[in-house]
Amino acid sequence: MTALLQVEDLTVQFNRKGVAPFTAVDKVSFEVAPGQTVGLVGESGCGKSVTSLAIMRLLPKRGTTITGRVDFEGTDLLSLPLEGMRDRRGRDLAMIFQDPLSSLNPVVPIGIQVTEVLERHRGMKRSAAMVEARELLESVGIPDPSRRLKEYPHQLSGGMRQRALIAMALACRPRLMIADEPTTALDVTIQAQILALLKTLVVEHGTALIMITHDLGVVAGLVDQVNVLYGGRVVERADRHVLFASPRHPYTHGLLASIPRLDAGPGERLTPILGSVSDNIPWTGGCAFAPRCSREIDTCRQVSPVLEPLSSRTDHLLRCHNPVVPVGAGAATVAATLEEEPS
């Protein structure tokens, strides 16, 4: 299927006077087709959210250098004039932000914030837009939507604010949706409703979805292809079933091993990934994950690994000098468990 969005060698660098430039996203490439859900997975600080903000052209111009190409239906969004990008945002591309409190205008009622999207991109009158906004709020599980339309963000709970953001993103049925941790502030019941709503949007309307999350339950139940990021680069890419059944990068393996297991014995401890994201080395000098890796060899700190297909599977890409050897169906069992309860 022809890709709707193609990201090629996207690099985001933050520059500050007197401080060495920091590369948050380093030559990231992936693509999304209509009706496909692609996941960006990793710890906080791996470059997931910065990647999405760069695609939407929402990063500040000052002190930020963005290179590469973001091709949406033959148009490079990075070189599109600002007015043209504003026309695209909300209509063709939409984003569900992670922090609803800082994403909503605190002095404007929720109803106005939802209806302005409908008025701007669908040309609806205010009265018709209010009716549509009420239906949108109801569809994402907000009780008494007529009253909530008149309220301000501070009068809503964190979960309701997040659902209002989701309603705004769904308003114009965009062809590409970017969801940045959309269920973080929601209870498990509403999480299931939101994930079902997103899945319906993808299946019935052919919407392309980029799901940014650290919740592997969401990945197992919703995502088609998974990109595991570390240090701003993709370290492993595979179909979700393949990734859960046979994780080959030590980082991916560590993420799966740290999930609590229902079939674990009494007192069995979790297996954490030692260190933190800040414990890394530049990709130019080796593998950024080497300081935290249990499978580190001399080459890891001398040669930067290349993202390349495994010999057995061309659709399973790996950036590692000493990958994990498959050891049975343990991870597959985890995936099956998570798929049963994606929230």
Side-chain angles (χ1 to χ4, degrees), residues 4-5 34-35 37 52 56-58 72-73 83-187 189-211 222:
L4 179 70
L5 179 79
T37 301
S52 64
M56 295 293 290
R57 296 268 303 274
L58 292 175
F72 182 80
E73 294 187 319
E83 190 58 36
M85 191 63 199
R86 285 173 178 163
D87 289 337
R88 294 270 190 172
R89 282 197 296 253
R91 185 189 67 194
D92 298 327
L93 306 93
M95 183 168 175
I96 304 169
F97 295 93
Q98 184 175 1
D99 183 9
L101 190 58
S102 62
S103 302
L104 292 168
N105 192 324
V107 297
V108 177
I110 292 297
I112 300 298
Q113 298 191 57
V114 177
T115 56
E116 67 179 359
V117 180
L118 300 168
E119 295 173 25
R120 171 75 160 78
H121 297 293
R122 290 173 57 179
M124 299 178 70
K125 298 295 184 181
R126 176 60 60 85
S127 57
M130 275 294 183
V131 174
E132 181 78 7
R134 189 180 302 110
E135 294 175 356
L136 285 167
L137 294 188
E138 187 174 10
S139 70
V140 296
I142 293 182
D144 196 2
S146 298
R147 179 164 66 91
R148 301 301 180 186
L149 287 173
K150 303 173 185 177
E151 294 183 339
Y152 293 85
H154 72 273
Q155 295 176 284
L156 275 63
S157 67
M160 285 189 183
R161 286 193 292 264
Q162 185 70 295
R163 282 175 270 172
L165 271 182
I166 294 171
M168 291 169 62
L170 296 175
C172 294
R173 298 260 174 89
R175 283 174 289 165
L176 174 69
M177 177 89 73
I178 301 176
D180 187 1
E181 302 279 8
T183 59
T184 298
L186 307 181
D187 59 68
T189 304
I190 300 302
Q191 280 184 24
Q193 293 178 11
I194 295 304
L195 292 177
L197 185 64
L198 291 175
K199 185 177 287 188
T200 300
L201 192 69
V202 171
V203 174
E204 295 186 0
H205 302 284
T207 302
L209 176 64
I210 299 175
M211 175 63 73
L222 185 66

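For Arg148, the side-chain hydrogen bond (donor to acceptor under 3.5 Å, both in side chains) partners are Glu151, not counting sequence neighbours. Partners of Arg134 according to the side-chain hydrogen bond (donor to acceptor under 3.5 Å, both in side chains) rule, which considers only residues two or more places apart in sequence or in another chain, are Ser146. With sequence neighbours excluded, no residue forms a side-chain contact (heavy atoms from CB on, under 4.5 Å) with Lys150. In this structure, the side-chain hydrogen bond (donor to acceptor under 3.5 Å, both in side chains) partners of Ser102, at least two apart in sequence or on a different chain, are Asp99. When the side-chain contact (heavy atoms from CB on, under 4.5 Å) test is applied to Arg122, the partners found at least two apart in sequence or on another chain are Leu118, Met124, Glu132, Cys172. Listed by chain and number, the residues in a side-chain contact (heavy atoms from CB on, under 4.5 Å) with Pro143 are Met160, Arg163 (sequence neighbours excluded). Evaluation of the side-chain contact (heavy atoms from CB on, under 4.5 Å) rule for Asp92 yields Phe72, Arg88, Arg175 as partners, not counting sequence neighbours.
Separation of atoms CD1 (Ile142) and CG (Leu149) is listed at 8.5 Å; rounding is to 0.5 Å. To the nearest 0.5 Å, atom CG of residue Leu93 and atom CG of residue Leu176 are 5.0 Å apart. The CD1 atom of Ile166 lies 12.0 Å from the CG atom of Leu136; values are rounded to the nearest 0.5 Å.
For the pair Arg91 (side chain) and His121 (backbone), a donor-acceptor distance under 3.5 Å is absent.
Applying the side-chain hydrogen bond (donor to acceptor under 3.5 Å, both in side chains) test to every pair with at least one member in residues 107-120, sequence neighbours left out, gives these pairs: Asp87-Arg120, Glu119-Arg126.
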